[in-house]
Amino acid sequence: DHNISLDSMGVTVNAVAGALKAFFADLPDPLIPYSLHQELLETSKIMDKTERLHELKEIVKKFHPVNYDVFKYVITHLNRVSQQYKTNFMTADNLSICFWPTLMRPDFENREFLSTTKIHQSVIETFIQQCQFFF
């Protein structure tokens, strides 16, 4: 309902972001399917930026249609937030740091995974920065 003003209700931006992250954390499966994580990692190693973007776009096309629609909505919103970084200090980098664990739900118990956290974060940053290309 676009007529609801969370600001007039005293709801802070942090509370809304926290509720969004909690929603994604409570889903049975992460928004970005586990089955595509390795493919995202491999694609992130492609040195040519144009080729890397095209490969990432192909991976996003593999999402379940509902996941694709939600991912598109969230990433497009995060892109809009990042465009206001001078006011809110939330660059695409900052947003990706905050949201990649929520969108991908990694296994932080796995030592191998810990070495790839920066790569996963940079993939989400790329999606935020280049959302017009992906969607």
Side-chain angles (χ1 to χ4, degrees):
D1 183 349
H2 294 284
N3 296 317
I4 293 176
S5 170
L6 295 175
D7 193 36
S8 69
M9 294 168 45
V11 178
T12 66
V13 171
N14 292 344
V16 174
L20 180 64
K21 290 171 73 173
F23 169 79
F24 286 118
D26 287 343
L27 291 176
D29 297 306
L31 187 61
I32 298 175
Y34 288 126
S35 61
L36 298 176
H37 287 199
Q38 189 60 40
E39 215 173 322
L40 287 169
L41 279 176
E42 294 303 317
T43 301
S44 70
K45 296 175 186 175
I46 298 172
M47 297 310 260
D48 181 76
K49 181 181 177 180
T50 303
E51 182 183 348
R52 185 172 59 250
L53 289 174
H54 283 284
E55 289 298 320
L56 287 171
K57 190 172 192 171
E58 290 304 311
I59 293 171
V60 172
K61 289 178 184 178
K62 296 177 183 180
F63 283 27
H64 182 280
V66 172
N67 291 50
Y68 177 89
D69 289 342
V70 173
F71 186 68
K72 175 183 175 181
Y73 188 87
V74 169
I75 292 297
T76 301
H77 175 70
L78 293 176
N79 176 270
R80 284 193 305 271
V81 171
S82 73
Q83 291 174 19
Q84 303 300 317
Y85 73 92
K86 289 181 181 174
T87 303
N88 62 27
F89 305 107
M90 293 306 289
T91 62
D93 180 57
N94 289 343
L95 290 164
S96 65
I97 290 168
C98 294
F99 279 93
W100 84 263
T102 303
L103 300 175
M104 298 183 84
R105 219 164 335 125
D107 177 10
F108 286 112
E109 302 288 320
N110 181 337
R111 287 183 185 257
E112 279 183 37
F113 181 82
L114 292 177
S115 67
T116 63
T117 57
K118 180 63 180 159
I119 297 169
H120 285 94
Q121 182 256 318
S122 69
V123 168
I124 299 302
E125 181 180 6
T126 299
F127 284 130
I128 294 169
Q129 290 174 330
Q130 304 293 328
C131 78
Q132 290 82 4
F133 172 78
F134 295 111
F135 310 111

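- Legend: residues meeting salt bridge (charged side-chain N to carboxylate O under 4.0 Å, His left out) with Lys49, ordered by chain and number and at least two apart, are absent.
- Between atom CD of residue Gln129 and atom CG of residue Leu78 there is a gap of 12.0 Å, rounded to the nearest 0.5 Å.
- Without hydrogens or angle criteria, Lys21 side chain to Cys98 main chain gives a donor-acceptor distance under 3.5 Å.
- The closest donor-acceptor contact from the side chain of Arg105 to the backbone of Trp100 lies at 3.5 Å or more, if one exists at all.
- Salt-bridge formation is not detected for the pair Arg52/Glu55: no Lys NZ or Arg NE/NH1/NH2 atom is positioned less than 4.0 Å from an Asp or Glu carboxylate oxygen.
- Note: the hydrophobic cluster containing Ile128 also contains Leu20 (ILVMFWY, side chain heavy atoms under 4.5 Å, direct or indirect links).
- By the criterion of side-chain heavy atoms lying less than 4.5 angstrom apart, applied directly or through intervening Ile, Leu, Val, Met, Phe, Trp or Tyr residues, Val13 is not grouped with Phe89; the two fall into different hydrophobic clusters.
- Residues Phe127 and Leu40 have side chains in contact (heavy-atom distance under 4.5 Å, counting atoms from C-beta outward).
- Stacking of Lys57 on the aromatic ring of Phe133 is recorded, both the 6.0 Å distance cut-off and the 45° axial limit being met.
- One finds the CG atom of Leu31 at 5.0 Å from the CZ atom of Phe24 (value rounded to the nearest 0.5 Å).
- Going from atom CG of Leu103 over to atom NE2 of His120 covers 12.0 Å, rounded to the nearest 0.5 Å.
- Rounding to the nearest 0.5 Å places OG1 of Thr43 at 3.5 Å from CD1 of Ile59.
- Side-chain contact between Asp93 and Gln121 is present, with at least one heavy-atom pair separated by less than 4.5 Å.
- Aromatic rings from Tyr68 and Phe135 are positioned such that their centres are separated by under 6.0 Å.
- Smallest separation of non-hydrogen atoms from Lys62 and Glu39: NZ-OE2, 2.5 Å.
- Interatomic distance, CD1 of Ile97 versus CD of Glu125, reported as 8.0 Å (0.5 Å rounding).
- Between the Ser8 side chain and the Ser5 main chain, a donor and an acceptor come within less than 3.5 Å of each other.
- Remark: side-chain polar atoms of Ser82 are paired, donor with acceptor, to backbone N or O of Asn79 under 3.5 angstrom.
- Hydrophobic clustering, with ILVMFWY side chains joined whenever heavy atoms are under 4.5 angstrom apart, keeps Tyr73 apart from Val66.
- How far CG of Leu95 is from CG of Asn88: 7.0 Å, rounded to the nearest 0.5 Å.
- Just one residue in the list Phe134, Phe63, Phe99 forms a ring pair (Phe, Tyr, Trp, His ring centres under 6.0 Å) with Phe71, and that residue is Phe63.
- Taking hydrophobic clusters as Ile, Leu, Val, Met, Phe, Trp and Tyr residues chained together by side-chain heavy-atom distances below 4.5 Å, Ile46 does not share a cluster with Val60.
- Note on Met90: it clusters hydrophobically with Ile75, by side-chain heavy-atom contacts below 4.5 Å among ILVMFWY residues.
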